[in-house]
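This report concerns only the one structure given below.
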Amino acid sequence: LNDGSKIKSLKEYLKNLKGLDGKGGTKKIEKKNVKTLKTNFIIKLPSDIDLRVVAVNSHLTFKFDLTTQVNINSRNTNLMVMGITNPLNNFDIVNGKFKSNELDGGAYKFNHLSDVQIAEVQNLTIDSEFSTMKIGEVGEHVRIVDFNGKFWIHNFSENFKNFQMDTEYS
């Protein structure tokens with residue numbers, strides 16, 4: 001299932017799957033005769049490469065700090081990163097979970113995330129809807145726009161300067 005497909009789930013895809021019969025025609029394939037395969041793999045990247053990720057129904061873990069430009073568009077994905085530091089970062093995450101030690105710079109859009117845990121934020125904009133967010137420490141120049149979310153903000157850093165939070169029903 002690639003990103004351009006209109007299929008919502010594997011079950012829907014298998015429902016319309018057809019194969020060839022012995023006469024060159026098509027016949028419906030029974031779902032019970034189809035085996036699914038779950039894959040796990042590791043991709044190694046150079047540390048100085050810009051990253052653009054489109055992920056659906058995935059689990060992504062970055063075990064290092066991302067300092068180059070990162071664009072992530074994900075649906076139904078769990079995303080874990082050590083640290084992200086670049087003012088040009090752009091994240092759009094719908095459904096899933098997000099964990100990070102540090103976010104410095106960029107724009108982050110979280111919709112319907114069940115668990116967002118960030119240890120430290122600064123120089124960024126977060127736009128969220130219907131998400132549960134825990135932030136350990138708020139640094140300088142942080143803007144949060146939210147609709148119907150839950151927030152736990154535990155501390156403000158020593159270099160705290162500007163924090164703007166616009167919320168509705170939160």
Side-chain angles (χ1 to χ4, degrees), residues 1-6 8 38-170:
L1 301 175
N2 63 19
D3 183 48
S5 67
K6 299 287 183 190
K8 302 289 183 211
K38 182 178 178 181
T39 59
N40 291 320
F41 52 89
I42 296 173
I43 299 173
K44 295 187 177 187
L45 301 170
S47 61
D48 60 344
I49 191 168
D50 289 348
L51 199 56
R52 181 177 182 268
V53 177
V54 177
V56 178
N57 300 323
S58 302
H59 181 89
L60 303 173
T61 302
F62 295 94
K63 296 182 179 182
F64 52 89
D65 291 336
L66 299 170
T67 57
T68 59
Q69 182 178 354
V70 179
N71 291 311
I72 294 183
N73 185 342
S74 70
R75 305 291 178 262
N76 305 318
T77 297
N78 294 339
L79 181 61
M80 294 180 7
V81 296
M82 292 300 290
I84 304 170
T85 56
N86 192 306
L88 301 176
N89 289 337
N90 189 7
F91 282 56
D92 183 5
I93 303 173
V94 178
N95 293 331
K97 296 179 181 181
F98 179 83
K99 292 183 181 181
S100 177
N101 288 338
E102 177 188 11
L103 296 182
D104 185 358
Y108 301 85
K109 187 174 181 180
F110 301 127
N111 288 334
H112 297 275
L113 268 66
S114 61
D115 188 21
V116 177
Q117 295 181 14
I118 306 167
E120 180 183 351
V121 296
Q122 62 184 356
N123 303 314
L124 58 80
T125 300
I126 295 174
D127 185 5
S128 68
E129 293 181 8
F130 302 101
S131 298
T132 301
M133 196 170 303
K134 296 175 185 175
I135 298 174
E137 184 174 88
V138 175
E140 59 186 359
H141 308 296
V142 174
R143 181 171 187 254
I144 297 174
V145 178
D146 179 68
F147 178 77
N148 202 13
K150 295 179 183 176
F151 281 89
W152 284 269
I153 298 174
H154 296 281
N155 199 7
F156 290 92
S157 69
E158 291 179 9
N159 64 349
F160 168 76
K161 292 181 182 171
N162 183 16
F163 175 63
Q164 180 181 355
M165 188 168 184
D166 300 323
T167 64
E168 292 182 28
Y169 306 106
S170 298

If we count only N and O atoms by modelled type, under 3.5 Å, do the side chains of Gln164 and Asn162 hold a donor and an acceptor together? no
Beyond-backbone contact of Leu88 with Asp50, side-chain heavy atoms, under 4.5 angstrom: no
Quick check: closest heavy atoms across Val142 and Asn123, and the distance to 0.1 Å? CG2-N, 4.2 Å
Separation between CG of Asn86 and CG of Leu51, rounded to the nearest 0.5 Å: 11.5 Å
When you compare the side chain of Arg143 with that of Asp166, does any pair of heavy atoms fall below 4.5 Å? yes
With sequence neighbours excluded, tell me which residues meet side chain to side chain donor-acceptor pair (under 3.5 Å) with Ser131. none
Side chain to side chain donor-acceptor pair (under 3.5 Å) partners of His112, counting only residues at least two apart: none
For Phe64, does the CZ atom have more than 12 heavy-atom neighbours from other residues, nucleotides or ligands under 6.0 Å away? yes
Would you call Arg75 and Asp92 a salt bridge, using N to O less than 4.0 angstrom? yes
Does a side chain donor of either Asp65 or Thr67 reach within less than 3.5 Å of an acceptor in the other side chain? no
Just how far is it from atom OG1 of Thr68 to atom CG of Leu45, taken to the nearest 0.5 Å? 9.0 Å
Which atoms form the tightest heavy-atom contact between Phe110 and Val116, and what is the distance? CE1-CG1, 4.2 Å
Drop me the distance from Gln117's CD to Asn101's CG, to the nearest 0.5 angstrom. 10.5 Å
Would you compute the distance between atom CG of Asn73 and atom CZ of Arg52 and round it to the nearest 0.5 angstrom? 7.5 Å
Is Val70 close to Phe62 at the side-chain level, that is, under 4.5 Å between some pair of heavy atoms? no
Are Ser128 and Asp146 linked by a side-chain donor-acceptor pair shorter than 3.5 Å? yes
In terms of the angle between their ring planes, are Phe98 and Phe91 parallel, tilted or perpendicular, with boundaries placed at 30° and 60°? perpendicular
Taking C-beta and beyond as the side chain, do Ile93 and Tyr108 meet within less than 4.5 Å on heavy atoms? no
Please report the interatomic distance CG(Leu113) to CG(Asn95), rounded to the nearest 0.5 Å. 7.5 Å
Measuring from Asn76:CG to Asn57:CG, what's the distance to the nearest 0.5 Å? 5.0 Å
Do you know which two heavy atoms are closest between Gly139 and Ser157, and how far apart they sit? CA-OG, 3.3 Å
Minimum side-chain heavy-atom gap Gln122-Glu137 below 4.5 Å: no
